[in-house]
Amino acid sequence: MPEGDTLHKLALFLHQHLAGQPIQSLRLHPSFGRSLGPARVERVEAQGKQLDIVLADGWVLRSHLGLYGSWHRYRPGEPWQRPRRQASILLRAADWDYVCFNAKWARWLERDGFRLRDQRHRLGVDLISEPLDAAALLERARQLLPPATLMVDVLLDQRLAAGIGNVYKSELLFLRRHAPVTTLGALSDQALLALYQQAAELLRANLGGGPRQTRFAPDRRGRLWVYGRRDLPCLRCGTPIRRAILGAQPRSTYWCERCQAPTPAS
Ligand SMILES: [Zn+2]
């Protein structure tokens, strides 16, 4: 699943190649809306897990990769690695075809229009590109979500803060030593903020090249603490890592029962 750092790297790549450039056409799968002829790209940017291609004429193509989406780049005429029917967006520039396959959705928005502002408002602060506003985050969390909400669901809720995906969810709970079934109501403001501060640090630390990393010990025993390590020994205490499908949106969660034992104070 693409996480915030993936989207930022992708947006930066597309921005470097397309900003200020004319494009020959921008075609959408008919289920997503109209296609365009020649246009000029002003910039490309990520907002949480959404990607905005901003055109000079004021229109914005916003897309979301969901669980299965991906972007590819091909030379014109080069065979594609996926069937054409799975193409959600085809952006043709002078020397390259940029193809987004299997987007969850894509839609046109007016740059200064109400819908764009409204959508931005509904997304929380982008953990990579925007400073964390502690007061606003706490207010959103406490007002939007019932205290019984599991932290596995809280962390994935992009209305609080945008960028945390399923990998970081498990890693953050391990690093802050919270059991995955810890509820929002059981966490102090301080503990909640610490999770998001660490999320911002990890997401930013992963903007360079290379595989995603939340563990930085130079011992080659693992770049991640728990994610994908079912039944393997915990890298801190040796207890076998557990995996279960947890949460209101059922997603896999990995954790160490010993390091993340539920406590009244967690
Ligand atoms: Zn452990």
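These numbers come from a predicted model, not from an experiment. Counting starts at 1 for both ligands and their atoms, in listed order.
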Applied to residues 217-237, the side-chain hydrogen bond (donor to acceptor under 3.5 Å, both in side chains) test, sequence neighbours excluded, yields Arg215-Asp219
Please report the shortest heavy-atom distance between Thr182 and Ala186, naming the atom on each side. CG2-CB, 4.2 Å
More than 12 heavy atoms from other groups under 6.0 Å of CZ on Arg142: yes
Cation over ring face, Arg34 and Trp59, 6.0 Å, 45°: yes
Ignoring waters, how many N, O or S atoms from the protein are under 2.8 Å from the Zn ion (ligand 1)? 4
Would you call Asp5 and Arg212 a salt bridge, taking side-chain N to carboxylate O under 4.0 Å as the test? yes
Ring-face cation contact, Trp80 with Arg84, 6.0 Å cut, 45° max: yes
